[in-house]
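A note on names: the letters A, B, ... follow the listed sequences, proteins ahead of strands, and every chain is numbered from 1. Note that this is a predicted model, so its numbers are computed, not measured.
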Number of protein chains: 2
Amino acid sequence: MKKETDPRFQRSREAILDAARHLLVTAGPSAVTHARIAEHAGIGRATVYRHWPTSAELLAEAMATVPMPFFDSPGIPTREWLRAELVSLGRQLDHHDVRVVAATLASTALWDDGMDARRSRFAQTLSERLAACLVDAQNRGEIVLLSDPLLAAAQIIGPIYYRSTIEHKDTDYDMIDALIASLGAWQ
Amino acid sequence: MKKETDPRFQRSREAILDAARHLLVTAGPSAVTHARIAEHAGIGRATVYRHWPTSAELLAEAMATVPMPFFDSPGIPTREWLRAELVSLGRQLDHHDVRVVAATLASTALWDDGMDARRSRFAQTLSERLAACLVDAQNRGEIVLLSDPLLAAAQIIGPIYYRSTIEHKDTDYDMIDALIASLGAWQ
């Protein structure tokens, strides 16, 4: 096997990832197979297997190339920061690629333990980040929370996610304001 | 081709649907293939093709066997009826089978036009049923709505859907009460 520092190894790795991502976004997770990637990238099937032995690993890698950096750097005041983050989340979810990654994560997690672990980490990270910001806002006297802050992710991301992935409609900004207002009594 | 009234035709049809549903629920939509169905149902692959020429049709049939009858018979008062419906929706979404159908619909709709038409009808039906009930409740003086009733589906189904399909947590009844309260000023 070639070393990871070998430039040919790196080039084939990148060609494989490009092909995997292209197939995922245009044809869905079931299209991310060693045969189709080899064909699309113009390299041998054995090379694809050498880099990623299973199709589950290939799919995971293809998904990891679509970044989902939400709620990772809290701002103050929380209300304005939250609005900007939810608007950004909604705009991201207007993109086909991001819808594909979200839907693939939700769907394949039901049968694949590795993908389920990824789903679980993703959901927990979002929910803990939001809860921490809201508790901090409450401690600063910016809001009196109405419900468990660990429910906030479902309460305010859920509607944006449903509107995008089930209704296929663009984000509604009045809805975002209403969702933020429903979290508690903003001071 | 045999007639649809032929009992053998009906038996093989039912065996195919049982196998398709079993494969969908246990192994995901990519497992719903003619070869695996033939193997699982113990019938010839040609018979499976005769009933359903494409795997997209097979998947659609397997999904249709999981009923999703939500918000279809409005009760009064709207607030109590809505609470009972959302509790029932949450309980349904606690089942693996229903999560599979919802996730498969959201996912395959991104690449398959037939599934996308099904997703669109499903989303529109839910959103129109909820809007009609809320407008009726407003006309009867039960609520003063705070936002566009066509957003209500995303606002109150979205959090339950996110909690189930992304967080894999059970329905929270306090959250359901908070969601209903957020729709407007209940009288």
Inset, instruction - Examine whether an atom of B:S182 lies under 4.5 Å from a heavy atom of chain A, and if so say whether it belongs to the side chain, the backbone or both; otherwise answer neither. - result: side chain

Legend entry - Top contributor to chain B contacts, counting heavy-atom pairs under 4.5 Å, from A:D116, A:T26, A:L179: A:T26

Inset, instruction - Name the member of B:A27, B:A109, B:S120, B:A181 that forms the most heavy-atom pairs with chain A at distances under 4.5 Å. - result: B:A27

Inset, instruction - Between chain B and each of A:I157, A:L146, A:I160, count heavy-atom pairs under 4.5 Å; write down the option with the most. - result: A:I157

Legend entry - Most contacts with chain B, counted as non-hydrogen pairs under 4.5 angstrom, among A:L151, A:D148, A:T104: A:L151

Inset, instruction - Look up atom CD in A:Q124 and atom NZ in B:K169, then write down how far apart they are to the nearest 0.5 Å. - result: 7.0 Å

Inset, instruction - Identify the heavy atoms of A:H96 and B:L110 that sit nearest to each other, and give their distance. - result: CE1-O, 3.5 Å

Legend entry - Pair listing, salt bridge (charged side-chain N to carboxylate O under 4.0 Å, His left out) test, anchored in residues 177-187 of chain A, at least two apart: A:R83-A:D177

Legend entry - Residue A:R45 excluded, over 12 heavy atoms near CZ under 6.0 Å: no

Inset, instruction - Please name all residues satisfying salt bridge (Lys or Arg N to Asp or Glu O under 4.0 Å) with A:E167, sequence neighbours left out, ordered by chain then number. - result: A:R163

Inset, instruction - Verify, without hydrogens or angle tests, whether A:R119 (side chain) and B:I166 (backbone) share a donor-acceptor contact under 3.5 angstrom. - result: yes

Inset, instruction - Flag the one option from B:S127, B:S147, B:A153 with the top tally of heavy-atom pairs under 4.5 Å to chain A. - result: B:A153

Inset, instruction - Determine whether more than 12 heavy atoms belonging to other residues, nucleotides or ligands lie under 6.0 Å from atom CD of B:E39. - result: no

Legend entry - Residue pair B:I156, A:Y162: steps toward the side chain to side chain contact (heavy atoms under 4.5 Å, CB included) verdict: CA-CA 10 Å; B:I156 64 180; A:Y162 181 90; over 6 Å; no

Legend entry - Between B:Y161 and A:Y161, ring centroids under 6.0 Å: yes

Legend entry - Side-chain heavy atoms of B:P29 within contact of A:S30, under 4.5 Å: no

Legend entry - For chain B, the option from A:D112, A:D174, A:V100 that forms the most heavy-atom pairs under 4.5 Å: A:V100

Inset, instruction - Using non-hydrogen atoms and a 4.5 Å limit, figure out which bit of A:T108 sits close to chain B: side chain, backbone, both or neither. - result: neither

Legend entry - Pairs of heavy atoms under 4.5 Å with chain B: top-ranked of A:A154, A:A103, A:A123: A:A154

Legend entry - Any donor-acceptor pair under 3.5 Å from A:W111 side chain to B:V25 backbone: yes

